[in-house]
Number of protein chains: 2
Amino acid sequence: MFDSHAVTDLHAHAVSETYQARVASTDFENLLKRVVLRRRIVQAKQVVFRAGQPQQFIYLVHSGVFKTSLTAADGREKITGFRLRGDLLGLDSLGTPNHACDVVALDVGEVWELPIDQLRAQIPDFQDRLTAALASEIRRDWNWMLALSTLSAEQRVVAFLLDLAERLERMGFSSRQMLLRMSRADLGNFLSMQLETVVRALSRLQALGHIAIDGREICIRDRNGLQAMLDYNAALAA
Amino acid sequence: MFDSHAVTDLHAHAVSETYQARVASTDFENLLKRVVLRRRIVQAKQVVFRAGQPQQFIYLVHSGVFKTSLTAADGREKITGFRLRGDLLGLDSLGTPNHACDVVALDVGEVWELPIDQLRAQIPDFQDRLTAALASEIRRDWNWMLALSTLSAEQRVVAFLLDLAERLERMGFSSRQMLLRMSRADLGNFLSMQLETVVRALSRLQALGHIAIDGREICIRDRNGLQAMLDYNAALAA
DNA sequence: CGAGTGGTTGAATTTCTTCAAGGCTCGTGG
DNA sequence: CCACGAGCCTTGAAGAAATTCAACCACTCG
């Protein structure tokens with residue numbers, strides 16, 4: 001459906017050369033072809049930046065999977081999305097001095113530091129692309145809000161899997177076999193349900209023969225079957 | 001807390017002159033002082049624009065209250081926010097040819113048509129303010145996502161009331177007495193709960209003596225009491 | 001090898017939803 | 001002018017979906 005995700009490549013960083021060829025370059029990467037940027041390798045569980053830290057750069061995800069999250073003063077936490085190659089990190093802090101969210105790597109990854117003011121001056125299109133990316137993030141968020149508040153727990157899990165598959169497919173990866181980089185707890189947090197509920201939903205999808213689960217490795221056996229579980233409401237309405 | 005809302009003024013349009021003096025001008029209004037803009041009066045229940053329509057303008061809310069919503073193909077609907085004076089409508093469609101959401105007036109109101117490309121050229125600061133507004137919308141959305149997925153139904157209603165009160169206060173209105181422009185159903189939709197649950201939550205808040213309800217008119221009797229219901233989690237954590 | 005982390009499943013409980021009924025207000029037409 | 005219907009709000013009672021609590025397993029890492 002929209003945001004979220006994970007990646008099939010276990011060693012994205014190490015073999016990036018290989019994948020470079022196979023995986024289509026993202027819009028922003030093309031835009032930044034001629035610019036020299038500082039690249040930063042981030043190990044699994046490491047923090048890219050935290051809420052409250054002074055905002056110097058926006059980051060472009062080049063490889064790996066990241067989660068962005070908010071934490072309330074009383075400790076309540078919410079994962080706002082899982083970010084893949086081509087996604088920007090820190091958009092939400094534009095126009096403010098500090099970052100508004102935490103970003104943590106779920107596996108090894110590489111991010112590119114974008115000095116925004118400089119790029120705005122250097123690249124004519126840059127500002128427009130940035131604006132478009134911001135608007136796109138809003139639409140993504142709204143679509144997830146819609147999903148979270150109108151779908152059952154099971155349907156939300158289905159929506160997540162289909163969205164992820166689609167994103168991976170767009171990146172040139174297999175859309176059938178995928179590796180969830182996040183824990184069941186993270187998934188539950190993002191989808192607004194308990195981790196046990198995620199597990200039960202996945203188990204049932206497997207029992208229905210729609211997916212095959214092997215730990216964090218998931219194989220989509222019947223994409224249409226999954227899709228039908230979302231279209232179910234439409235059938236009712238008709 | 002963040003987005004949402006309603007307004008105390010029953011006749012905002014009719015007496016706008018009066019309120020002009022009382023209510024602080026918004027950032028964008030100051031920015032646009034010297035520009036001649038088309039103003040559009042919108043009657044209650046009328047549509048400002050619909051998802052799918054070609055996007056020509058961004059609108060600035062000058063008076064009234066508006067709701068923005070998404071509708072899925074199968075009819076599932078989600079209100080993404082209630083918009084007050086100073087809020088921009090249509091930000092989410094920047095960089096795309098069509099609007100992504102519906103905007104409907106909840107009472108009489110006035111919006112200003114902003115021809116973005118023109119304003120970008122005319123006003124040096126405009127682009128930055130636009131970017132800041134987009135980022136701010138993202139933060140708002142994320143904060144509501146956090147609230148919706150971590151607070152109980154009752155707490156969500158409390159969060160809504162406090163957020164609304166704060167927004168009204170910033171606008172120069174009373175933060176104690178307020179008129180909810182939206183139906184209980186709209187409120188429930190926004191807060192991800194059934195309208196009956198909204199009613200029960202409000203009734204209980206009244207029983208606790210924290211608010212007084214008279215239809216859509218709500219008086220906050222004990223702001224601290226309400227706040228304490230949100231801080232409850234913090235107490236547990238400690 | 002033992003501790004820790006993450007995943008899975010069952011059973012009891014809770015919160016919220018669903019269904020149902022009744023009341024209030026307002027506008028329209030008889 | 002009043003009657004009547006529509007829309008919205010409120011409350012109760014029954015039901016369902018998801019959470020909570022608990023136990024157990026598999027795997028990895030010192």
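Model, not experiment: these values are computed from the prediction. Naming convention: chains lettered A, B, ... in sequence-line order (proteins, then strands); numbering from 1 in each chain.
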Hey, would you say the Phe82(A) and Phe66(A) ring centroids sit under 6.0 Å apart?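 Not under 6.0 Å, so no.
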Letter per nucleotide, 5' to 3', of nucleotides 5-19 of chain D [B base touched, S only sugar-phosphate touched, - untouched; heavy atoms, 4.0 Å]: ---SSBBBB----SB
Without swapping roles, check the side chain of Arg38(B) against the backbone of Glu113(B) for a donor-acceptor pair under 3.5 Å. no
Integer-rounded Å distance: [N] [atom2] and [X] [atom1]:
X         : N       : atom1 : atom2 : answer
Asp186(A) : dG7(C)  : CG    : P     : 9 Å
Glu217(A) : dC27(D) : CD    : P     : 15 Å
Leu187(A) : dG6(C)  : CG    : P     : 14 Å

With side chain to side chain donor-acceptor pair (under 3.5 Å) as the test, would you mind laying out the steps for Ser149(B) and Arg76(A) before giving the verdict? CA-CA 9 Å; Ser149(B) 73; Arg76(A) 284 154 31 228; over 6 Å; no
Hey, does Trp112(B) have a side-chain heavy atom less than 4.5 Å from the side chain of Val61(B)?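 Heavy-atom side-chain distance check fails, nothing below 4.5 Å.
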Only one of Arg40(A), Arg85(A), Arg39(A) clears salt bridge (Lys or Arg N to Asp or Glu O under 4.0 Å) with Glu110(A); which?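 Filter result, single survivor: Arg39(A).
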